[in-house]
Amino acid sequence: MPAKNGATLENYNKVTTGMTEDQMLAIMGRDNCAVISSGDFGPGYQGAGWLCSGGNGHAQFIIDNQKVASKMQIGLR
């Protein structure tokens, strides 16, 4: 079960590439996350960038065809 504030280092580490966008949001906390970019990036590629904030840090997730393709974090605890 995700921590109360969702966007923590512990929860970030639970998110793996290949997870669905909904799985990532359930772990990180939908209320802690916002879409920062989205679009059609060419034939067969639709994506979104999500920014999830918590404490003094944040995590960014790149979604490709509704699955986590990459992730990074700065300062999550």
For the residue pair D64 and A69, what are the closest heavy atoms and their distance? CB-CB, 3.9 Å
Got a second to check how far T20's OG1 is from N65's CG, nearest 0.5 Å? 13.0 Å
With distance as the sole test, does N32 use its side chain to make a donor-acceptor pair with the main-chain N or O of C52 at under 3.5 Å? no
What's the separation between atom CD1 in I62 and atom OG in S37, rounded to the nearest 0.5 Å? 6.0 Å
So D22 and R30, side chain to side chain contact (heavy atoms under 4.5 Å, CB included) or not? Walk me through it. CA-CA 9 Å; D22 286 339; R30 194 172 290 272; 3.4 Å; yes
Quick one: SG on C33 to CD on Q60, what's the gap to the nearest 0.5 Å? 11.5 Å
For residues F61 and V68, report the shortest heavy-atom separation together with the two atoms involved. CD2-CG1, 4.4 Å
K14 and M19 have their tightest heavy-atom pair at O-CE, 3.2 Å
List the atom pairs, donor and acceptor, that lie under 3.5 Å between side-chain atoms in residues 70-77 and the rest of the protein, sequence neighbours left out.
from	atom 1	to	atom 2	distance (Å)
K71	NZ	Y12	O	2.9
K71	NZ	V15	O	2.5
Q73	OE1	G75	N	3.3
Q73	OE1	L76	N	2.9

Minimal heavy-atom distance between K67 and G18, with the atoms involved, is CD-O, 3.5 Å
Give a yes or no answer on whether the side chain of N13 reaches the backbone of L9 with a donor-acceptor pair at less than 3.5 Å. yes
